[in-house]
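Heads up: the structure comes next, in structure tokens.
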Amino acid sequence: MEKYNHKKIEKKWQDSWDESEIYHTKNSSKKPKYYCLIEFPYPSGAGLHVGHLRSHIAIDIVARKKRMNGFNVMYPIGWDAFGLPTENFAIKTKTHPKIVTKNNIKNYTRQIKSYGPSFDWSREINTTDPEYFKWTQWIFLKLFNSFYDEKLDKARPIEELNVPNNLDEFEKRKYIDSHRLAYEKEMAINWCPSCKIGLANEEVINGNCERCGALAERKVMRQWMLKITKYADRLIKDLGDVDYLEKIKTQQINWIGKSEGATVKFPVILRRHDEESRTNTQNDFNNEIVTSQKAPRNDNNIVKVFTTRPDTLFGCTYMVLSPEHSLIEKYKNKIENFSEIEKYQKKTRNKSDLERTDLAKEKSGVELKGIKAINPVNQEEIPIWIADYVLSSYGTGAIMAVPAHDERDFEFAKKFGIKIREVVVPIFKAFTGNNVLRSDKKTVHRKIVIAFLKHWKEDKYLCLDWKKFDWHSGVVGGIENGENLKEAAMREIKEETGYKNMKFVRNLGSEHRNTFFARHKDENRYSIERGILFELKDDAWEKPSEEETKNHEAVWIEAERMDDFLTLGNQKLIWNHLKGKTACFKEDGVNINSGFLNELETIDAKKEITAWLEKNKLGKKAVNFKLRDWVFSRQHYWGEPIPIIKCEKCGNVSLSEKDLPLELPNVKNYEPTDTGESPLANIKKWVEVKCPVCGGSAKRETDTMPNWAGSSWYFLRYTDPNNKSEFASKNNLEKWMPIDLYNGGMEHTTLHLLYSRFWHKFLFDLGYVQSAEPYKMRRSHGMVLSEDGQKMSKSRGNVVNPDEVIGKYGADSVRLYEMFMGPYGDAIPWNTTSLIGMNRFLERIWKMQDKVKMQQTSLEKETILVATNNQGKLKELKNHLKNFNILSLKDIDKKIEEPEETGKTFEDNSLLKAKYYAQETGYMTIADDSGLCVNALNGRPGIFSSRYAEGDDKKGYIKLLKELENASDRSAYFKSVITIYNPKDNNYNQFNGKCDGKILTKPEGDNGFGYDPVFMVNNLKKSFGLCSLEEKNKFDHRKKAIDKLIKYLKTCHPEPVERSKIKHTLHKTIKKVTEDIDSLKFNTAISQSMILANEMEKSKNISLTDYKSFLVLLSPFIPHITEELWETLEEEKSIHLQSWPKFDPKLIIDSEITMVIQVNGKVRDQIKVPAEISEDDAKKLASESEKVQKWIKGKEIRKIIFIKGKLVNIVV
RNA sequence: GCCGGGGUGGCGGAAUUGGUAGACGCGACGGACUUAAAAUCCGUUGAACUUAUACUUCGUGAGGGUUCGAGUCCCUCCCUCGGCACCA
């Protein structure tokens, strides 16, 4: 045996696979399809990262296994090659990006091939190839030429848009343009003032320019946008139909950020600042409402806001506009402090996103003096402010501020002394335990006071300990008629605690609600509760009456213990008020100070107010999303040109399909311009064109598409990569889509994944693809960290180079290591010493072949019994099986009675027969299938050959011929089954030879002999036919079966004793590896394979069949070494074309198990027992155990727990 | 702040969903082979106690609870990683 040399074998097999094209996927296959996909790599100059390998290899393993499972697998690869890194590298090295890309792809291809993934290279695609991006541009034009039909909830061609007919040409165009799914908009983008270039969000690192480090600014520029927001709802909803990792779904849902609420219209009125009725600058809650009688109802003077809490409308005490809001410009002349406003606007405009969204910073804003808004629900005049905490890009760019119930508004109002009005109070409800409301009891409404009584000297408080109910509270009591809060509290304190002299300090919070079942009164309570604080003046005390104190006891609790002591939510709330730990109340509750909404719970209040708004035409139910439209322009060279021509007369004109692809001009200067325009803008020859509509002079759009464009549909192109007339044929799309498994990084969850789902839905709407969702399943790999546990990066210098480790340890070692390093989805640090361990494992597998080979050569001629006396048949088999001693029944000394057949099918009977003879004689036995025609004629399937027809068989044959004449259904198939039974491992094999057969007629002049009449089976229904010898040979089913048999016998030999144990482990391993690959748990699949390898290694001999199964199981993980070993076994076809092993459930069951005996849950002994041990036996054995005796002696056995197949637990 | 994933030996990580915690691998230690080293092979390897591979106790971020039995379930808290972040 040669030494294992990965260098020698890996290249050899990679070339061989390439040459034999074994991974090329046919569109025409009849097998079920399986489309698995990794995100196609971006070919950068840095080359592949070991992180790429992790996902490529993982999905490769799935692909290989699925192929062996009989699927027609497509596992394609391509290049996502447009984009900045290449452009930057090109500028730096003064090389054309095309050339940079070509070189990078070459390098990537070499690298990828070096670890042997089973990619189908015949489908390779490249986003920068004009043949490819032609279709990217085509899809863009489809978007440009479509609108979203809200009623049908789908995109439709723009020609079908209903355009109001009272518009002039210009307005009409404007109308249409505003409905296109691809449209233009003035947008603030990130701008680097030093590089003078627009930056993509990805290029802004912590607010700074990625290249030069300068602070990025905002610059407003015209941008192409895609209306992904139209799909927001569907992008959430359809997640219900796909199998993505839960965290991916959540992240997408959060990113899209759907919120439901209402829009509310606020009229705006003019009001000179000095005329203002009154400004309330106090912060305590003021419920007085100043209303305006002059609220105009004119839509021109309306500000719309979006809110998720319309129920708090009565609490809206001011309004805030984003600094960019259009109202400001409209009221320019009416705003008294306009210069101040402008100053503020300018300040925010110059702020970067980072500064503006810095949460730590204090709220800022300016009031618009001279105008007021009217709260439509109560006609209150409220101030209007602008502040940068309101974003122009979300909702309507304006908010109704409810400082009492929104933290941001609260903070703002406090800072600027704006009125705060509380309109929602908490409501407490018990959901568990015995305080839950009971429907069978009456409900009593009460006003309650909760009083805390501070000690006269120390920092402690008088509380009640309700012994029977595990309640801890302050002094609690009802407010009786004619009493006020203070009076009621003082009376209760006296009655319940006996203390007499106290002084009022302050009220605590407002009136919250509390609902519960009051056990001590046996009734439901709905109480309106308010807290109050007193301080005792002295210790004057009088014993309270028994009646008052029977349920509870007054106790003094130190202030710091109060948090732990108080058990009820309402008590804690009041205590927090006492400690001043109050925040604004953001949760749901019950409305107060809200007119017709009073006493409604939030959920009902929302419904009520929304209905009211709709009725009065002051607002309506509305949904808003955080998701923004997709900024689709890049001011760069290396991207797909946007195929639009801008004509002054005709506006934006799309290129016609026949002019696609619109290629990039091949020029030398592709560096960014000073103006922030795309470098293409400088290329006059390319830019200046004739308008395709009017023929006048026009200009090309010079922006290019973002990197995300090409990757938004590439998986569709794989299905038909060379199609010249369509992006992919309908047939191929139908055949391959949707993708069964799509793997990619978590970093693409909110961009690529969302974008591509959007494009796919769009194409679906227009009928170009057949499914609403492109990916059936989405999984994600974890990062490979550097050895020090940090992210690998060039600057840290901790990058592991795949070329290096593959060169040193081999592709198989690296593959195995990357899969074994830890759970597939987790980030795991790289560790080269562990990788060496994998190499060791491969060496051990390599060495195992010796044990297998020795087996083969030492194989003695084995005896096989053919359970027949038919000499013709014996002769035939002897002829084929020269390496065996063949015996017939005549050669057996012992007289054996033919068994009664009881099986239902021919296979069953055949098995029973073989088994019977095998057990009687101890020989491996082939069942005799001749003579079965007699049985067959009784309605059972079988095979008959005239060559062997003698005696009774002949009679049967004649009978058969007679039946043939009357048979109506003559379509059938031939079937031949040979059963071999091996008594040594109690195992059998059946070899089927099957071929389809048409009705075959009895040839002219046939006397029935000299031809093969064949008994044919069709789903156990009888039908018969005859065929000529010639035809018989054509369908030589028998030969097929015999060939299989011979193949089996060649590899089948006497088994060592360890065999059964290995077989047991082998089948357990088959099960585990099969299931683990399906659920991407590669690490545990490998671990189980190692257990099997350890066992095989320890045994003296390894059976060839076991070894083969072992190799096949590992072949997806380590394709090179297994292929090499497979070849040495003189197999003709590649290991990767074998079928996946199946496990036998019977072989997995243990006959004997180790049962654990516990005493009080602690393991005290372990005994070996039969797996099927009965409960009584197990318990008996357990208590007899010596070790256990020690623990239970002299103790009373309370009970014994028995878990089948696991343990016995004795409780003493 | 919100959402999501985690916390298990010296390290990467297992544990059939409530049933022997630490599989498998790495590392370390001891031994065999060798003139020697590497490689390979054999053994040991959670901690404590111990002459002991015996016995026992402790042990899955912390504290409490449910259970015959908890890494797994419930409550409170701490730490950590990832995503979002003034989204009204």
Side-chain angles (χ1 to χ4, degrees), chain A residues 245-259 261 305-310 312 316 320 322 356-361 363 387-391 393-402 405-409 411-412 564 624-628 746-747 749-750 782-783 787 789 816-817 820-823 825-838 840-841 843-844 847 1071-1072 1075 1081 1083-1091 1093-1094 1097 1154-1166 1187 1190 1198-1212:
Chain A
L245 284 182
E246 215 39 56
K247 62 173 170 178
I248 296 177
K249 286 191 183 180
T250 328
Q251 244 183 65
Q252 290 214 345
I253 290 168
N254 290 345
W255 182 264
I256 296 167
K258 180 175 180 169
S259 31
V305 303
F306 172 73
T307 175
T308 55
R309 290 295 298 271
T312 62
C316 167
V320 189
S322 68
R356 192 164 161 179
T357 57
D358 182 7
L359 277 173
K361 86 173 165 64
K363 293 265 178 299
D388 64 1
Y389 83 90
V390 172
L391 308 175
S393 49
Y394 182 80
T396 61
I399 62 156
M400 58 179 240
V402 185
H405 304 292
D406 181 284
E407 209 148 15
R408 296 149 303 176
D409 299 343
E411 206 187 309
F412 191 84
D564 292 333
N624 246 298
F625 297 94
K626 282 205 285 193
L627 184 73
R628 307 289 149 79
M746 281 306 292
E747 70 274 19
T749 301
T750 47
M783 260 193 292
E787 215 137 349
L816 201 61
Y817 172 61
F820 186 65
M821 66 197 313
D826 290 8
I828 315 272
W830 181 269
N831 183 303
T832 304
T833 46
S834 288
L835 166 60
I836 295 168
M838 297 301 112
R840 215 173 291 164
F841 178 63
E843 300 256 14
R844 282 164 50 206
K847 281 182 193 156
K1071 181 170 191 276
K1072 180 116 183 94
E1075 291 168 356
K1081 281 151 73 178
N1083 55 334
T1084 49
I1086 294 168
S1087 143
Q1088 181 61 38
S1089 308
M1090 285 172 168
I1091 292 172
N1094 288 346
E1097 222 178 14
T1154 309
M1155 187 172 74
V1156 168
I1157 308 168
Q1158 299 180 328
V1159 177
N1160 285 351
K1162 284 201 167 133
V1163 182
R1164 296 305 180 189
D1165 199 6
Q1166 303 179 9
K1187 286 179 189 168
K1190 206 175 102 185
R1198 283 251 208 83
K1199 65 175 161 178
I1200 303 180
I1201 288 144
F1202 171 72
I1203 308 290
K1204 200 169 165 242
K1206 286 254 158 58
L1207 56 76
V1208 172
N1209 187 10
I1210 303 169
V1211 187
V1212 296

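Owing to the predicted nature of the structure, the values given are computational and were not obtained by experimental measurement. So that the names make sense, note that chain A is the first sequence line, chain B the second, and so on, each numbered from 1.
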Original post:
So, does the side chain of A:Lys363 form a donor-acceptor pair with the base of B:rC86 at under 3.5 Å?
Top reply: yes
Original post:
Which part of the nucleic acid does A:Gln1158 contact within heavy-atom distance under 4.0 Å: base, sugar-phosphate only, or nothing?
Top reply: base
Original post:
Within the structure shown, what part of the strands sits under 4.0 Å from A:Gly257 by heavy-atom distance: base, sugar-phosphate, or nothing?
Top reply: nothing
Original post:
For A:Gly782, does its backbone N or O pair with a side-chain atom of A:Asp826 as donor and acceptor, under 3.5 Å?
Top reply: no
Original post:
For A:Lys247, which contact category applies under a 4.0 Å heavy-atom criterion: base, sugar-phosphate, or nothing?
Top reply: sugar-phosphate
Original post:
Rounded to whole angstrom units, what separation is found between the CD1 atom of A:Ile1201 and the C1' atom of B:rG69?
Top reply: 7 Å
Original post:
Do A:Gln251 side-chain and B:rG82 base share a donor-acceptor contact under 3.5 Å?
Top reply: no
**OP:** Indicate the atoms forming the closest heavy-atom contact of A:Ile828 with A:Pro823, along with that distance.
**Re:** CD1-CD, 4.0 Å
Original post:
Could A:Lys363 and A:Tyr389 be counted as a cation-pi pair, given that NZ or CZ must be under 6.0 Å from the ring centre and within 45° of the axis?
Top reply: yes
Subject >> Proximal nucleotide (of B:rG19, B:rA23, B:rG25) relative to the A:Phe820 side chain >> reply: B:rG25
**OP:** Determine the contact category for A:Met746: base if any of its heavy atoms lies under 4.0 Å from a base atom, sugar-phosphate if only primed atoms, P, OP1 or OP2 are that close, otherwise nothing.
**Re:** nothing
Subject >> Who pairs with B:rA21 - Watson-Crick or G-U, where each distance is under 3.5 Å >> reply: none
Subject >> Phosphate OP1/OP2 of B:rG25: any A:Asn1094 side-chain N/O under 4.0 Å >> reply: yes
Original post:
Has A:Lys1199 got a side-chain N or O lying under 4.0 Å from the OP1 or OP2 atom of B:rC68?
Top reply: yes
Original post:
For A:Tyr817, which of A:Ile836, A:Ile1086, A:Asn831 qualifies under side chain to side chain contact (heavy atoms under 4.5 Å, CB included)?
Top reply: A:Asn831
**OP:** Provide the distance between the two C1' atoms, one in B:rA28 and one in B:rC11, to the nearest whole Å.
**Re:** 11 Å
**OP:** State the pairing partner of B:rG6; accept Watson-Crick or G-U wobble contacts with both distances under 3.5 Å, and report none otherwise.
**Re:** B:rC79
Original post:
OP1 or OP2 of B:rA88 sitting under 4.0 Å from any side-chain N/O of A:Asn624?
Top reply: no
Original post:
For atom C1', what is the distance between B:rC58 and B:rG71, given to the nearest Å?
Top reply: 16 Å
**OP:** Report the distance from atom CG of A:Asp1165 to atom CE of A:Met1155, rounding to the nearest 0.5 Å.
**Re:** 9.0 Å
Subject >> Interatomic distance, A:Asn1160 CG vs B:rU57 P [rounded to whole Å] >> reply: 11 Å
Original post:
Nearest to the side chain of A:Pro829, which nucleotide is it out of B:rG12, B:rC26, B:rG25?
Top reply: B:rG12
Original post:
For the pair made of CZ in A:Phe625 and P in B:rA88, what is the distance, rounded to whole Å?
Top reply: 12 Å
Original post:
Of all the choices, B:rA88, B:rC24, B:rC41, which nucleotide is nearest to the side chain of A:Met1090 once you look at every atom?
Top reply: B:rC24
Subject >> Inter-nucleotide P distance (B:rC24, B:rA15), Å rounded >> reply: 13 Å
Original post:
Between B:rG25 and B:rC42, how far is it from one P atom to the other, in whole Å?
Top reply: 11 Å
Original post:
Base, sugar-phosphate, or nothing for A:Ile828, non-hydrogen atoms under 4.0 angstrom?
Top reply: sugar-phosphate
Original post:
Is it true that a side-chain atom of A:Asn624 and a backbone atom of A:Ser259 form a donor plus acceptor pair closer than 3.5 Å?
Top reply: no
Subject >> Of the listed nucleotides B:rC68, B:rC26, B:rG12, the one nearest the side chain of A:Thr833 >> reply: B:rC26
Original post:
Now, which nucleotide makes the Watson-Crick or G-U wobble pair with B:rA32, with each of the two distances under 3.5 Å?
Top reply: B:rU40
**OP:** For A:Asn254, answer base if it contacts any base atom (sugar-phosphate contacts may also be present), sugar-phosphate if it contacts only those atoms, and nothing otherwise; contact means non-hydrogen atoms under 4.0 Å.
**Re:** sugar-phosphate
Subject >> Candidates B:rG4, B:rU40, B:rG12 - which lies nearest the side chain of A:Lys847 >> reply: B:rU40
**OP:** State the NZ-CG distance between A:Lys258 and A:Leu627, to the nearest 0.5 angstrom.
**Re:** 12.5 Å
Original post:
With a 4.0 Å cut-off on heavy atoms, is A:Ser1089 in touch with a base, just the backbone sugar-phosphate, or nothing at all?
Top reply: nothing
**OP:** For nucleotides B:rU20 and B:rC29, find the distance between their P atoms and express it as a whole number of Å.
**Re:** 33 Å
Original post:
Counting side-chain heavy atoms from CB outward, which of B:rU40, B:rA14, B:rC68 is closest to A:Asn1083?
Top reply: B:rA14
**OP:** Could you check whether A:Asp826 gets within reach of a base, just the sugar-phosphate, or nothing at all, counting any heavy atom under 4.0 Å?
**Re:** nothing
Subject >> Length of the line joining A:Asn1209:CG and B:rG18:P, which is rounded to integer Å >> reply: 17 Å
Original post:
Using the purine O4'-C1'-N9-C4 or pyrimidine O4'-C1'-N1-C2 torsion, is B:rG9 syn (within 90° of 0) or anti?
Top reply: syn
Subject >> Base-pairing assignment for B:rA14 (Watson-Crick or G-U wobble, both under 3.5 Å) >> reply: none
Subject >> Phosphate OP1/OP2 of B:rC58: any A:Lys1162 side-chain N/O under 4.0 Å >> reply: yes
**OP:** With the side chain of A:Thr1084 defined as its heavy atoms from C-beta on, choose the nearest nucleotide among B:rC3, B:rC68, B:rA15.
**Re:** B:rA15
Subject >> Under 3.5 Å on both distances, the Watson-Crick or G-U partner of B:rG27 >> reply: B:rU45
Original post:
For A:Glu407 and B:rC2, what is the distance between atoms CD and C1' respectively, to the nearest whole Å?
Top reply: 11 Å
Original post:
Taking a pair as Watson-Crick or G-U wobble with both distances under 3.5 Å, which nucleotide is matched to B:rU51?
Top reply: none
**OP:** Please state the C1' separation for the pair B:rA21 and B:rU8 - nearest whole angstrom.
**Re:** 8 Å
**OP:** Kindly say if A:Ser259 contacts the phosphate of B:rA88, meaning a side-chain N or O under 4.0 Å from OP1 or OP2.
**Re:** yes
Original post:
What is the nucleic acid contact for A:Val1156, judged by heavy atoms within less than 4.0 Å: base, sugar-phosphate only, or nothing?
Top reply: base
Subject >> Atom pair distance, as rounded to whole Å: CZ in A:Arg1164 and P in B:rC68 >> reply: 18 Å
Subject >> From B:rC26, B:rG19, B:rC86, nucleotide with atom closest to A:Tyr389 side chain >> reply: B:rC86
Original post:
Does B:rG1 have a Watson-Crick or wobble partner in any strand here, with both distances under 3.5 angstrom, and which is it?
Top reply: B:rC84
Subject >> Span that lies between the C1' atom of B:rC49 and that of B:rG59, in whole angstrom >> reply: 15 Å
**OP:** Report, as yes or no, whether the 6.0 Å neighbourhood of atom CD on A:Glu407 holds more than 12 heavy atoms from other residues, nucleotides or ligands.
**Re:** no
**OP:** Compare side-chain N and O positions of A:Arg840 against OP1 and OP2 of B:rC41 and report whether any pair is under 4.0 Å apart.
**Re:** no
Original post:
Does A:Gln252 reach the main-chain N or O of A:Thr749 with its side chain, forming a donor-acceptor pair under 3.5 Å?
Top reply: yes
Subject >> Selected nucleotide, minimal atom distance to A:Asn831 side chain, candidates B:rC26, B:rC24, B:rG19 >> reply: B:rC26
Subject >> Inter-nucleotide C1' distance (B:rA70, B:rU17), Å rounded >> reply: 12 Å
**OP:** Mind calculating the distance between CD (A:Glu843) and C1' (B:rG25) to the nearest angstrom?
**Re:** 16 Å
**OP:** Write down the atom of A:Tyr394, the atom of A:Phe625, and the distance for their closest heavy-atom approach.
**Re:** CE1-O, 3.3 Å
Subject >> Rounded distance (Å) that lies between atom C1' of B:rC84 and atom CD1 of A:Ile256 >> reply: 13 Å
**OP:** Starting from the 5' end of RNA chain B, give me the residue, A:Pro823 or A:Thr250, whose nearest nucleotide shows up first.
**Re:** A:Thr250
